[in-house]
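Taking it in order: structure first as structure tokens, then the write-up.
Here is how names work: the chains are called A, B, and so on, in the same order as the sequence lines, proteins then strands, and each is numbered from 1. Since the model is a prediction, treat every value here as computed from it, not as a measurement.
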Amino acid sequence: MLTQRQFHEHRPLTTAHLAQTMTLLSLSAIELRQKIESALASNPALELLEERRCPTCLRRLSGNAPCPVCSRPQTIAVDQPIVFVSSREDFQTHTSTRETETPEVGVPIAANPDDLPGFVLRQIAPELDPADRPLAAHILTSLSEDGLLGVPMAEIARYHHVPLDRVQNVISLIQHAEPVGVASPSPQEALLVQLEVLAENHSVPPLAYKAIREGMDFLSRHRYNELGSLLGISTAQAREIARFITKNLNPFPARAHWGDINYTSQKAEPNTQAYSYPDVVISKLNSETEESPLVVEVAIPLSGTLRINPLFREAIRQAPPDKTEQWKSDLEQATLLVKCLQQRNHTIVRLMRRLTVMQRQFILHGDAYLQPVTRAALSKELEVHESTISRAVSTKSVQLPNGHIIPLANFFDRSLHIRTAIKEIIEKEKEPLSDTQICKLLEKRDYFVARRTVAKYRSMEGILPAHLRKPNHNRRNRTHKTSQTL
DNA sequence: CTATGGCACGGATT
DNA sequence: AATCCGTGCCATAG
């Protein structure tokens with residue numbers, strides 16, 4: 001049990017406090033913004049202090065501390081990341097200046113999270129027949145919050161007096177822009193488009209298409225045995241497929257990101273989570289050199305610092321008698337919120353500091369270098385309950401120095417590095433290698449997994465068993481990068 | 001006999 | 001407490 005900090009408030013409210021800390025911790029930056037905004041609106045004791053920028057690097061800072069990047073000690077160890085809380089989303093100003101120069105080229109991460117239509121439009125502009133612009137505009141403004149097409153295609157066609165297939169063409173163009181699958185009429189179609197795009201650069205389980213096309217119903221309900229019999233495969237295999245799909249595809253393109261998807265959350269949750277909005281941004285202090293400390297910015301989606309309005313604290317003494325109770329409780333709630341917020345940030349900062357040290361290689365060099373770390377181990381180190389880590393990790397996404405945005409949970413993926421290693425081995429193999437042989441090769445790279453597991457990963461990646469693979473003399477070279485910055 | 005896939009158990013995660 | 005994931009054991013295919 002963590003005794004955390006003893007708060008010197010006369011009313012500690014420990015249970016309420018703990019409960020709220022938990023909730024706040026599990027909120028992503030976007031959700032947190034809503035929460036704070038509503039608190040600000042309803043509680044006069046809260047006050048949003050103006051944002052403060054570091055005079056040198058223009059980072060937006062939270063609280064009163066000096067800019068941790070610019071005021072760092074000269075002698076800073078390379079493996080010692082600089083971790084701090086930063087107060088608004090547009091870190092992009094200093095990490096990527098390209099964006100402002102060429103707005104046509106959509107760099108996904110730099111998008112304003114509130115402007116999905118414009119973001120997509122910029123990407124497709126070069127390929128879009130100017131005559132179709134109104135169509136595209138119409139489509140993009142009719143998107144639902146999830147990024148699906150809210151109105152029937154026929155309606156759009158009728159409205160503009162154009163043939164249906166022309167609308168279809170525009171939609172198809174839009175679907176292939178980031179976030180892939182937007183403007184699909186249904187989650188199902190969004191998945192299909194994503195799968196198609198994914199298949200260009202990766203191998204995908206061949207049955208995934210059929211699973212989505214025909215087994216969507218089972219898929220969304222986790223009815224794996226039914227799905228299995230539909231596809232003519234075992235339940236376990238069906239689960240593999242489903243796993244692949246949930247892991248790599250997103251039925252609601254405008255939602256968070258590749259990764260965690262809620263098939264079940266069909267309930268009208270006002271989840272306004274914008275697409276690709278990182279909760280944490282990791283960059284290199286000096287992006288030129290290889291040996292450079294990491295800079296980790298934990299996002300607070302507000303421009304400024306939240307605090308208790310000191311005037312309110314004063315005023316409460318002379319409150320009109322009928323209001324004292326109300327004001328008191330306002331003040332109480334406000335302090336609670338602020339404290340919890342601080343604690344949330346504190347926890348995340350500690351978490352990220354430890355995590356970035358352990359996963360430095362992964363952050364810099366990609367999937368193959370991911371260290372297997374369990375949440376449990378980390379929770380022990382940080383002396384918090386494991387569910388705390390779990391909550392903190394599962395809802396958030398991180399932007400890596402290479403610009404990719406991934407779920408923070410990926411930092412704990414126990415199999416990713418092995419899977420990429422297996423893919424590499426098979427890419428390079430001359431003759432088909434059996435699982436056992438692959439297993440041995442993995443051992444040489446210090447990856448110790450059971451032979452059985454190799455088989456699983458292989459099928460997970462949609463790679464056929466050895467006896468069904470072709471001898472690989474001139475297999476296509478793996479020069480495809482997933483998303484070149486164009 | 002070897003290579004793989006199915007099933008089930010136990011630890012990790014949520 | 002329910003679910004997911006890596007593994008061991010066994011059956012089956014070649």
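In this structure, A/D413 atom CG and C/dG6 atom P are separated by 8 Å, rounded to whole Å. For the pair A/I422 CD1 and C/dG6 P, the computed distance is 11 Å after rounding to whole Å. In this structure, A/R452 places its CZ atom 12 Å from C1' of C/dA11, rounding to the nearest Å.
Residues A/S329 and A/E332 bring no donor and acceptor atom of their side chains to less than 3.5 Å of each other. The closest side-chain donor-acceptor pair between A/H176 and A/E196 falls under 3.5 angstrom. Side chain to side chain, A/D413 and A/S415 meet the donor-acceptor criterion of an N or O pair below 3.5 Å.
A close approach under 4.0 Å does occur between a side-chain nitrogen or oxygen of A/Y457 and OP1 or OP2 of C/dG6.
A/R469 contributes no side-chain N or O that, together with a main-chain N or O of A/P432, makes up a donor-acceptor pair within less than 3.5 Å.
At a threshold of 4.0 angstrom between heavy atoms, the contacts of A/T436 are confined to the sugar-phosphate backbone, with no base atom among them. Contacts of A/R391 with the nucleic acid, taken as non-hydrogen atoms under 4.0 Å apart, are absent. A/R375 comes within 4.0 angstrom of the backbone, heavy atoms only, and of no base.
Proximity of the aromatic rings of A/Y447 and A/H417 is defined here by a centroid distance below 6.0 angstrom, and this criterion is met.
Of the candidates A/V85, A/L24, A/V349, A/R344 forms a side chain to side chain contact (heavy atoms under 4.5 Å, CB included) with just one, namely A/L24.
Where A/R414 and A/A450 each meet DNA chain C at their nearest nucleotide, the meeting point lying more 5' is that of A/R414.
Read 5' to 3', the first and last nucleotides of DNA chain B with an atom closer than 4.0 Å to a heavy atom of chain A are B/dA3 to B/dT14.
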